[in-house]
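Scroll down for the structure; my scribbles are underneath it.
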Amino acid sequence: MLKSAMFRCGQLCSRVFAVEFDLRTEPLYFTLSSTPQELHHAHQQLFGDGEKLFSLHVHCDNRTEKARTHAEIKHKLSDTLSRDCDVFEASAFIPNVKNSVVKGFFIRDKSTTSLSEDILKTLQQSKSVCVFSYKREGQHCWQEQWSPVSPVEDSVRKYVTPAAAAEHHPSTLNIRNADVYYCMNEAYEVLQECTDIIPESKEVLKLVDEQLEKSRGEGFPVIVIEGLDATGKTTLTEALRDTLNATLLKSPPQCLAPFRQRFDSEPPLIRRAFYALGNYITAAHIGKESQRAPVIVDRYWHSTAAYAIATAVGGRVENLPKPDSELYQWPEDLLKPNLVLLLTVSPEERLRRLRDRGQDKTVEEAELEINQLFRLKVEEAYKRIQNPACIIVDASPSPQEVLQQVQHLIRNKCHL
Ligand SMILES: Nc1ncnc2c1ncn2[C@@H]1O[C@H](COP(=O)(O)OP(=O)(O)OP(=O)(O)O)[C@@H](O)[C@H]1O
Ligand SMILES: Nc1ccn([C@H]2C[C@H](O)[C@@H](COP(=O)(O)O)O2)c(=O)n1
């Protein structure tokens, strides 16, 4: 066995594994030990008798390569194994230790033809992928390194040992500077690392360099309007622009529109760095425009953080970072607005508005529609963001009534 592979497997052995078996419940946690342990009922369901079970994890020192490999594998697994195989997200992590998560997948192959083995064979050839198989014998289950041909030399059999639920859901451990960025340089460096594989990164970085905010003195108020899609942001921001004689800006800004689709197809590490940089460009525009008139902004950092956190965190709302987590703190180097308003409507009203609008939906919008859990997590993450926190506005009344409600808030809070 290669020395590097041994190191990688050794790294995994000291960790807790979490498998997102059913997104509505807690993940199933287990560790590995050298002595047999009895499986709990829930673990017996995961490690089914007579099924072929595998887990694979992606290791790589280069973070952009690691993120892209993980995304590629996810795509390949869902394309190839849709029939007779269950594929679950699985992480190996050290409880409560930031950035300790090694992401991967757990595969339950129920086919009679060992459907998964061909693809695992191909994936295993990559030096950044580590594959394990699991064997069940009565109440016990053990893990060993997997090889498609013969048993792996020196592979040690490790028994699956049910473990307690983690205090912090593993998907919250790696959010900082991988899903949400808290200073411009962190996002900037990610795009710098991508210039060979994504040439558009250079153009985005050039725009950031050209438009960086210089300084902002005390100007006119800056008001951000946030909310899920179809909650009425465009309708309201345009009305506010007209009634307040304000300047209307958006994040991401128009100059990034030609690159958005390209970055939307990248894994979160890269995609979220793009949106983060978009906020800094918008901040530069705000700094300039607020010297002349009030500024209304359609989406800003609340959107970037809330969508990123809700996507990164698997399963239920309870899995989100705790309300007092530093992950909800506004980046110190990003211009702060004077007021942030979050438009909320009931899920039924939002769906009605989406349907009435009849436009194409982005993948994420479509996901919102079918994925109630995701919608709840985005809304909850919006509400937890601090410094500045958002004020919730009931956007279900008519556009005129929502405008009046918001004008009232702006008069009170910004004296406009
Ligand atoms: N207060 C309201 N009452 C009823 N319908 C509304 C209201 N505000 C907006 N709409 C309608 O709902 C739909 C979505 O509104 P709008 O485009 O303003 O939302 P949005 O938040 O900007 O969406 P997105 O983020 O997807 O661009 C539009 O058809 C709009 O006419
Ligand atoms: N400042 C922003 C604006 C948008 N996003 C992301 C979050 C969603 O994936 C999507 C929603 O935008 P829309 O479809 O309404 O244009 O874009 C972000 O991360 N940061």
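As the structure is a computational prediction, the values presented were derived from the model and not from experiment. Just so you know, ligand 1 is whichever comes first in the structure, and atom 1 is the first atom listed for that ligand.
- The shortest N/O to N/O separation between Gly232 and ligand 1 falls below 3.5 Å.
- Ser346 places a side-chain N or O within 3.5 Å of a backbone atom of Glu349 that can act as its donor or acceptor partner.
- Which parts of ligand 1 touch Ser398 is read off a 4.0 Å heavy-atom cut-off, strictly below it: atoms 1 (N).
- Every pair tested for salt bridge (charged side-chain N to carboxylate O under 4.0 Å, His left out) that includes a residue from residues 393-409 fails, sequence neighbours excluded, so the list is empty.
- Listed by number with element, the atoms of ligand 2 under 4.0 Å from a non-hydrogen atom of Arg271 are 9 (O).
- Here the two rings, on Trp330 and Tyr300, have centers that are under 6.0 Å apart.
- If you look at His43 and Phe21, their ring centroids are not closer than 6.0 Å.
- Ligand 1 has no atom lying under 4.0 Å from any heavy atom of Asp356.
- Heavy atoms of Glu226 come nearer than 4.0 angstrom to ligand 2 in no pair at all.
- Looking at every heavy atom in both residues, Val345 comes nearest to Ser396 through CG1-N, 3.8 Å.
- Side chains of Ser33 and Thr161: a donor-acceptor N/O pair is present below 3.5 angstrom, by distance only.
- Note: Phe106 and Tyr134 have tilted aromatic rings, judged against thresholds of 30 and 60 degrees for the angle between ring planes.
- Contacts with ligand 2 closer than 4.0 Å are made by no heavy atom of Lys250, backbone or side chain.
- Close contacts of ligand 1 with Thr234, meaning ligand atoms under 4.0 Å from a residue heavy atom, involve 17 (O), 18 (O), 20 (P), 22 (O), 27 (O).
- Figure legend: cation-pi geometry between Arg176 and Tyr182, with NZ or CZ positioned under 6.0 Å from the six-membered ring centre and within 45° of its axis.
- Proximity of Pro252 to ligand 2 is established by a heavy-atom distance of less than 4.0 Å.
- For a threshold of 3.5 Å applied to N or O pairs, the pair formed by Thr235 and ligand 1 contains at least one separation below that value.
- Contacts with ligand 1 closer than 4.0 Å are made by side-chain heavy atoms of Arg299 only, the backbone lying farther away.
- Checked against a 6.0 Å centroid threshold, the rings of Phe105 and His70 count as neighbours.
- No N or O atom of Asp229 sits closer than 3.5 Å to an N or O atom of ligand 2.
- Between the side chain of Thr344 and the backbone N or O of Val393, at least one donor-acceptor pair lies under 3.5 Å.
- A side-chain donor-acceptor contact under 3.5 Å links Arg260 and Tyr275.
- Close approach of ligand 2 to Asn279 (heavy-atom distance below 4.0 Å) involves ligand atoms 1 (N).
- Among Ala239, Ala230, Ser303, Gly227, the residue whose heavy atom lies nearest to atom 14 (C) of ligand 1 is Ala230.
- The shortest N or O to N or O distance between Lys233 and ligand 2 is not below 3.5 Å.
- The backbone of Tyr300, and not its side chain, has at least one atom closer than 4.0 Å to an atom of ligand 2 (non-hydrogen atoms only; backbone = N, CA, C, O).
- For atom 20 (P) of ligand 1, the nearest non-hydrogen atom from the set Glu226, Arg352, Lys233 comes from Lys233.
- At least one N or O atom of Thr231, backbone or side chain, sits closer than 3.5 Å to an N or O atom of ligand 1.
- For ligand 1, the polar-atom distance check finds an N/O of Arg357 within less than 3.5 Å of one of the ligand's N/O atoms.
- Here's the thing with Tyr307: none of its N/O atoms is less than 3.5 angstrom from an N/O atom of ligand 2.
- Between Ser303 and ligand 2, no pair of N/O atoms sits closer than 3.5 Å.
- Under the salt bridge (charged side-chain N to carboxylate O under 4.0 Å, His left out) criterion, the residue pairs touching residues 290-302 are Lys250-Asp298, Glu289-Arg292, with sequence neighbours excluded.
- For Ser111 and Asp84, the side-chain atoms include no donor-acceptor pair closer than 3.5 Å.
- Residue contacts with ligand 2 do not include His302, since none of its heavy atoms lies under 4.0 Å from the ligand.
- Which parts of ligand 1 touch Pro399 is read off a 4.0 Å heavy-atom cut-off, strictly below it: atoms 1 (N), 2 (C), 3 (N), 7 (C).
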